[in-house]
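Computed over heavy atoms, backbone and side chain alike; hydrogens, waters and symmetry mates excluded.
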Amino acid sequence: MFALLAFAAGLVRGYSGFGFAMLLALGLLTRLSPAQVVPVALMLDLACSVSLWPGALRSFHVPIGSRLIVGMLLAVPLGAGLLSVVPAAWMTPVIALLCLLGGLLVLWRPPPVRPDGPGTRGALPAGLASGLAMTMASAGGPPLILYLLRSGLDAAHLRGTAILFFVASSGCSLLGLWAFGVLGREHLTLALALLLPAVAGNLTGQLLHRHWRPVPMRLVVGAILVLTSAAMLGRSLARLGGA
């Protein structure tokens, strides 16, 4: 089951450039605690992005991307600290709610392309919000993508900037989780077990991205996030109510 989930999340990541960590985390949370899930999702997200780096480096938008990364760096210590102290019974519905809101935001139709070209306004707080959500819940995608969809970037620059932001965000989040004692050998063991299907899904997604684009992937990812996170939120709240 986990292997199939890793493949599906990798497929979405390879196709769209985002969504892997959040989709994997939502699936793993059906059986595991947030402290077990988040580091594994981040490690696999980082590993699966390696094949995307060359293309992303060529299309990374430096003025916007650099501000996003600075905001993310400010958020990592706070997010790692919260994940290390908040009980799992409360963190699970928080993660599900973040993902549900994120899915709704991703589905929200972006405005027309800005006539004055890409702007950097709002990049720093967007990076801060995404970094906090990434460290706490592997849910950094929606805040970032929502901002990028409204930044005026074209599709190539948007995808490249998102990919490299998540490389930096996942790496820094893992360092923060390790510093707070959340990251351990059990996380590495599970990540290694899921690495092959995740990479296979990622490569398949890249192939589809080059040859098959029937609908915007934003709509597919948003719909999946809304459905899965709503189910997760309902289940976790029911457990809290019965405790």
Could you state the interatomic distance from [atom1] ([X]) to [atom2] ([Y]), rounded to the nearest 0.5 Å?
{"X": "Met43", "Y": "Leu177", "atom1": "CE", "atom2": "CG", "answer": "9.5 Å"}
{"X": "Ile163", "Y": "Arg159", "atom1": "CD1", "atom2": "CZ", "answer": "4.5 Å"}
{"X": "Leu44", "Y": "Arg13", "atom1": "CG", "atom2": "CZ", "answer": "11.5 Å"}
{"X": "Ser170", "Y": "Asp45", "atom1": "OG", "atom2": "CG", "answer": "4.0 Å"}
{"X": "Leu42", "Y": "Leu24", "atom1": "CG", "atom2": "CG", "answer": "9.5 Å"}
{"X": "Glu186", "Y": "Leu32", "atom1": "CD", "atom2": "CG", "answer": "10.5 Å"}

Do side-chain atoms of [X] reach the backbone of [Y] as a donor and acceptor pair under 3.5 angstrom?
{"X": "Asn202", "Y": "Leu11", "answer": "no"}
{"X": "Ser49", "Y": "Leu46", "answer": "yes"}
{"X": "Ser130", "Y": "Ala126", "answer": "no"}

Heavy atoms only: give me the nearest [X]-[Y] pair and the separation to one decimal.
{"X": "Thr161", "Y": "Phe60", "answer": "CA-CD1, 3.7 Å"}
{"X": "Pro39", "Y": "Val182", "answer": "CG-CG1, 4.1 Å"}
{"X": "Ala35", "Y": "His187", "answer": "O-NE2, 2.9 Å"}
{"X": "Gly131", "Y": "Ala75", "answer": "C-CB, 3.8 Å"}
{"X": "Ser59", "Y": "Gly160", "answer": "OG-CA, 3.4 Å"}
{"X": "Met72", "Y": "Cys172", "answer": "SD-CB, 4.0 Å"}

Applying a strict under-4.5 Å side-chain criterion to I, L, V, M, F, W and Y, I'd like to know whether [X] and [Y] cluster together.
{"X": "Leu196", "Y": "Leu192", "answer": "no"}
{"X": "Leu194", "Y": "Val50", "answer": "yes"}
{"X": "Phe2", "Y": "Leu4", "answer": "no"}
{"X": "Leu132", "Y": "Leu175", "answer": "no"}
{"X": "Leu183", "Y": "Leu190", "answer": "yes"}

Fill in the blank from the handout: Only one of Leu148, Leu128, Leu164 passes side chain to side chain contact (heavy atoms under 4.5 Å, CB included) with Leu68, and that residue is Leu148
Using a 3.5 Å cut-off and no angle test, enumerate the donor-acceptor pairs between side-chain atoms of residues 93-101 and protein atoms at least two apart in sequence or in another chain.
none

Problem - Heavy-atom neighbours of Trp178 CH2 exceed 12 at 6.0 Å - result: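 No, not enclosed.
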Exercise for the section: Share the residues that join Leu124 in a hydrophobic cluster, the rule being Ile, Leu, Val, Met, Phe, Trp or Tyr side chains under 4.5 Å apart at the heavy-atom level. Expected result: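 Same cluster as Leu124: Val70.
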Exercise for the section: Take Phe20 and Cys48 through the side-chain contact (heavy atoms from CB on, under 4.5 Å) test and state the conclusion after the steps. Expected result: CA-CA 9 Å; Phe20 176 89; Cys48 287; 4.2 Å; yes
Problem - Any side-chain heavy-atom pair of Val199 and Leu203 under 4.5 Å - result: yes
Practice task
Check the pair Val12, Tyr15 against side-chain contact (heavy atoms from CB on, under 4.5 Å), reporting the backbone distance first and the verdict last.
Solution key: CA-CA 5 Å; Val12 171; Tyr15 190 90; 5.9 Å; no
